[in-house]
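Only one structure is covered here, and it is reproduced in the block below.
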Number of protein chains: 2
Amino acid sequence: MERPRPGVRGRGAAHDERRSAILDAVFTIVDTEGAEQVSIRRVAERARVSVGRVQHYFPTKDDLLTAAFTAVNDLGASRVHENLRTADNADDPATVLHAMLSELIPATDDDRRLFRVMQAFETHALTRPHLNDRIKRRYEELAGLVALLLHRNAGTRPDSTASASLSRAHELLALTIGLAGLTLTGSITPQQAQHIARTRLDAVLAEASGR
Amino acid sequence: MERPRPGVRGRGAAHDERRSAILDAVFTIVDTEGAEQVSIRRVAERARVSVGRVQHYFPTKDDLLTAAFTAVNDLGASRVHENLRTADNADDPATVLHAMLSELIPATDDDRRLFRVMQAFETHALTRPHLNDRIKRRYEELAGLVALLLHRNAGTRPDSTASASLSRAHELLALTIGLAGLTLTGSITPQQAQHIARTRLDAVLAEASGR
DNA sequence: ATCAAATCAATACGATCGTACCGATCAGGT
DNA sequence: ACCTGATCGGTACGATCGTATTGATTTGAT
């Protein structure tokens, strides 16, 4: 009875599920107690798992944190790409932009959790050049995407001397990121943030069409 | 010779200087190695000071971190209020707004250091409701100030149903915060950030005047 | 001159940390 | 049937952690 059920050992024993369960424990600790409270033992305890198992999947603490960082980054990226697939490029770029920027603002409690963890890892990455590069690339990718959609909306070719519209894209991205931050601290509500982002996006879109 | 010079012990022995020297060591560690690397011993070592002295000024680690949090917050606030004093309310609100938002974007290397530390403590505060309230209040104060200056620029009274201009203030504040974040990660240069913020602020000011 | 308080340096203690290691167990290929 | 490797639990080790404590030293008030 106290013996583990068969199937928990050996080669193909639900590797990915166990792995992500451990990472989820990391997220929970980061979200509720802060990144500096993450230790192998606490993660194991939170995941209801032995220390040895955590070590097996993530030999060092740095491996664990890097994997967690990668996981949150992918989670955030998949949120955006999900929207890009459902509202495919058949739709008009304005709709896609609306959906995309909305995904960058935490609305539900689950969103808040994800964004808090993302901010924690972003701060963690500030002192790790290797991780910081990934954040930088992620933002550059997002900005490029916004610029592309702006061009598609205006009917112009997104080729040379796109600095003007990249500037616009950076503005929209920065605005959204800042709104997400203000939402996380509780300075504004998610509804206010959504409204401000949407209003500004509409203005940018209208201005580009009117030219 | 190896004895400490007189004046280092006893009652009024440069209390504040020693205190802030310790806090500065905290900032350096947070900036270069991350917040989770802060320990009493490392702080003492970095400040070239004994562990006992750190303990004397900050009995517990939480006291130390809270004091450091307060210090960075005050440092950031003094940057803004400094500008509000030099360019007093005699100047036109547009100039004050320009200067104010500029101070919220890191330009020099010292700025980068300060902003990295601020972001670290902001993240640290996310899981501490008591500290998070201070951040929230700080942002609300900034937003209120921006809204007031916007009103003063437009010549309207900043009284009832100010939700519209508070929205504009939130937009400008969020944009600036987001630009600061993008600057910290290296996605954009401080010059780009300054340009985007300035352009948007000018547009908001012009729009308000034209109405 | 005396004394209480301020100001440290030094040390010690228990807890927790990251990690290495060992042995048991199980799956899948041979 | 056997064996290799994946998978895990348990434990131990050295380092570091936060903090308490003790005693020395100095200052400023009396």
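Note on naming: letters A, B, ... go to the chains in the order of the sequence lines (proteins, then strands), and numbering restarts at 1 for each one. Because only heavy atoms are used, hydrogens play no part in the values below, and waters and symmetry mates are left out as well, while side chains stay in.
- Remark: B:Thr189 pairs with B:Gln191, B:Gln192 by the side chain to side chain contact (heavy atoms under 4.5 Å, CB included) rule, at least two apart or across chains.
- Scored by the salt bridge (Lys or Arg N to Asp or Glu O under 4.0 Å) test, A:Arg116 finds A:Asp31 as partners (sequence neighbours excluded).
- At least one side-chain nitrogen or oxygen of A:His15 sits closer than 4.0 Å to the OP1 or OP2 atom of D:dT7.
- Atom CZ in A:Arg48 sits roughly 18 Å away from atom C1' in D:dC8 (whole-Å rounding).
- For residues 121-130 of chain A, every residue pair satisfying the salt bridge (Lys or Arg N to Asp or Glu O under 4.0 Å) rule, not counting sequence neighbours, is listed here: A:Arg128-B:Glu36.
- Put simply, the side chain of A:Arg18 never gets that close to the backbone of A:Arg53: no donor and acceptor are under 3.5 Å apart.
- One interatomic measurement links the two molecules: CD of B:Glu45 to C1' of D:dT16, which rounds to 12 Å at whole-angstrom precision.
- Within the structure, side-chain hydrogen bond (donor to acceptor under 3.5 Å, both in side chains) pairs that include any residue of residues 66-78 of chain A comprise A:Thr70-A:Arg134 (at least two apart or interchain).
- Under the rule for a salt bridge (Lys or Arg N to Asp or Glu O under 4.0 Å), the partners of A:Arg42 that lie at least two apart in sequence or sit in another chain are A:Glu33.
- For C:dA6, the OP1/OP2 oxygens have no side-chain nitrogen or oxygen of B:Tyr57 closer than 4.0 Å.
- Put simply, CZ on B:Arg53 is 4 Å from P on C:dC8, counting in whole angstrom units.
- When rounded to the nearest whole Å, the span between CD of B:Glu17 and C1' of C:dT7 equals 15 Å.
- Under 4.0 angstrom from either OP1 or OP2 of C:dT7 there lies at least one side-chain N or O belonging to B:His56.
- Rounding to whole angstrom units, CD of residue A:Glu36 and P of C:dT16 are separated by 17 Å.
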Would you tabulate the nitrogen or oxygen pairs shorter than 3.5 Å linking the protein to nucleotides 17-21 of chain D?
residue, atom, partner, partner atom, Å
D:dC17, OP1, B:Ser39, OG, 3.0
D:dG18, OP1, B:Lys61, NZ, 2.8
D:dG18, OP2, B:Ile40, N, 2.9
D:dG18, N7, B:Arg41, NH2, 2.4
D:dG18, O6, B:Arg41, NH2, 2.6
D:dT19, OP2, B:Lys61, N, 2.6
D:dA20, N7, B:Gln55, NE2, 3.2
D:dA20, N6, B:Gln55, OE1, 2.9

